Amino acid sequence: MPYCEVDRYQAGDKWEGVRLFYRRYGRGATKVLLVIGLAGTHDSWGPQIRGLTGSMEPADGGDELTAARTDEEAGAPAAAPATATVEEEDVGEGIEVCCFDNRGVGRSSIPPHKSYYSTSIMARDALALMDHLGWKKAHVFGHSMGAMISCKLAAMAPHRMSSLALLNVTGGGMECFPKVDAQMLSLAFRFLRARTPEQRALVDLETHYTKEYLDEEVGSCTRRAILYKEYVKGISSSGMQSNCGFEGQINACWTHKVTTKELDTIRAAGFLVSVIHGRHDIIAQVCHARWLAQRLLPAARMVDLHGAHLVSHERPEEVNNALMDLIKATKYAMAPQEWSSQPENTSETGALISARPVTLTIRTGEAGNAAVAAYNLLAKLQLSFLYVIGLIVMAFEHVRNIVRVTKPVRVVAIQSS
């Protein structure tokens, strides 16, 4: 089994090692490290592994738990042949991809306390994995929490980065809170109550994909029905994430922050950055990704796609094309200014690639300033409201657990004959 020990933590009177489970796919001089997000495992990168390497066969051997789903099972469009997708003649001697389970999920170690989880700690995990693989540099692509980890890794070791792709990213902390509406409150409540793979799968589908995508007909049924079966199967085989691991990863997202100094380090390092986002993402709002892309100019390009939080699955072809563009631009040493100043392009599939995030400027003097100030205040109040709601829900769950534990047991007297 491919494991890498990346850290150690104290458990009582002894020290335990933190081991990451990882997989490698493809062969070549171009190295790509894929960093998955909250509660996700390495196989969540399936469409990108297939798109970059042309194969789902692990280069380090496989087993029944990591066997790839077929395109028919996943309800996804058939992948192009390796020569058509990877374009080895353009990027060099092929691509080698490594993806892994973060600490706290899948087959990696689950440290017992949330203090063992932060995006900085997990960035050091990723760096230790690169050392273990003998990779001096790599293209680092992260999704959601994985993109937060990738930002920290880029600021921590910019000399190890070939390029950086941030999919469905936010700046962490309060930016992790989604937009407050009835749908999101319902999803949050159902997520907290999910105790079975079936309950969890229903919530995951609604948070990962757009309704339009789920309602598409694939053969004799909808994509929703196909994906539901696959999600239940996947969750059942790998098991529900432990409370300890989930709370630790939530803590990593909540405490994440990229400082101005770190952003300056990333921007000045010379590698190219692509910020890729589904504009209908209800978990990570696209405005935060645009703001991050703007702060990373001129090194960053914003890629705005029609999709939701799992845009890498919903729009795999567009995402893979954006990642390949980044790899090829790095190979040909494209200047950051040239990378970020590419003209806007709208594809038939709904992809909008823009050089600069869209910003709203009001030039109406004091009245305009007052309107902007009022809007910002409302935004802060909305976030504060959601934070309070979150605390109430967590308090309710805590009290309910206490009541369940302390509830008196009914004793029935048994009369002897």
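Just so you know, these numbers use all the heavy atoms, side chains as well, and skip hydrogens, waters and symmetry mates. Predicted model, so just to flag it, every value in this text is computed and none were measured. Positions are given from 1, in the same order as the sequence printed here.
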Non-hydrogen side-chain atoms of [X] and [Y] separated by less than 4.5 Å:
X	Y	result
Q294	R290	no
F141	L33	no
Q249	R103	no
D125	N102	no
S274	W339	yes
V232	T196	no
P111	Q10	no
W254	F177	yes

Any donor-acceptor pair under 3.5 Å linking the side chain of [X] with the backbone of [Y]?
X	Y	value
H113	S115	yes
N251	E247	no
D101	T41	no
T53	G26	no
R27	G94	no
R200	A194	no

### Task
Report the C-alpha distance between T222 and D215 in whole Å, list the side-chain angles of each, state the deciding distance to 0.1 Å, and finish with yes or no for side-chain contact (heavy atoms from CB on, under 4.5 Å).
CA-CA 6 Å; T222 64; D215 291 342; 5.6 Å; no
### side-chain hydrogen bond (donor to acceptor under 3.5 Å, both in side chains) evaluation trace for E318 with H306
CA-CA 10 Å; E318 292 95 321; H306 180 82; over 6 Å; no
### Query
Would you call E262-K152 a salt bridge at under 4.0 Å N-O?
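Here E262 pairs with K152 in a salt bridge, since their nearest N and O are under 4.0 Å apart.
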### Pairing of R23 and D43 as salt bridge, 4.0 angstrom limit
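Looking at R23 and D43, the cut-off is not met.
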### Message
Are there over 12 heavy-atom neighbours, none belonging to K257, within less than 6.0 Å of that residue's NZ?
### Response
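No.
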### Query
For K31, does the NZ atom sit with more than 12 other heavy atoms under 6.0 Å from it, leaving out its own atoms?
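Yes.
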### Task
Check whether the side chains of S163 and H139 place a donor and an acceptor atom closer than 3.5 Å, and report yes or no.
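Yes, H139 and S163 have a side-chain donor paired with an acceptor closer than 3.5 Å.
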### Query
Going by atom types alone, do E96 and T30 pair a side-chain donor with an acceptor below 3.5 Å?
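Side chains of E96 and T30: no pair found under 3.5 Å.
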#### Entry: Nearest-0.5 Å distance that lies between atom CG in L38 and atom CD1 in I250
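Separation between the atoms: 4.5 Å.
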### Task
Give me the ring orientation class for Y231 and H208: parallel if the planes are under 30° apart, tilted from 30 to 60°, perpendicular past 60°.
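Tilted.
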### Query
Any idea how Y116 and Y9 line up, ring-wise: parallel (<30°), tilted (30 to 60°), or perpendicular (>60°)?
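Tilted, since the angle between the ring planes falls between 30° and 60°.
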### Query
When the aromatic ring centroids of Y22 and H132 are compared, is their separation below 6.0 Å?
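Yes, close enough.
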### Task
Check whether the ring centres of H143 and H309 lie less than 6.0 Å apart, and answer yes or no.
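Distance test on ring centres: under 6.0 Å, yes.
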### Task
Carefully, step by step, assess H288 and T170 under the rule side-chain hydrogen bond (donor to acceptor under 3.5 Å, both in side chains).
CA-CA 5 Å; H288 301 311; T170 72; over 6 Å; no
#### Entry: R190 vs L202, side-chain contact (heavy atoms from CB on, under 4.5 Å): CA-CA, chis, key distance, verdict
CA-CA 9 Å; R190 288 160 55 198; L202 288 172; 4.2 Å; yes
### Query
Of the options Q48, R50, R315, which is the one that meets N320 in a side chain to side chain donor-acceptor pair (under 3.5 Å)?
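The single option meeting the side chain to side chain donor-acceptor pair (under 3.5 Å) with N320 is Q48.
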### Task
With salt bridge (Lys or Arg N to Asp or Glu O under 4.0 Å) as the test, would you mind laying out the steps for R295 and D264 before giving the verdict?
CA-CA 9 Å; R295 296 185 71 185; D264 290 341; over 6 Å; no
### Message
Assess the residue pair V273 and V275 against the criterion (side-chain contact (heavy atoms from CB on, under 4.5 Å)); give the C-alpha distance rounded to whole Å, side-chain angles, the decisive distance to 0.1 Å, and a yes or no.
### Response
CA-CA 7 Å; V273 181; V275 181; 4.3 Å; yes
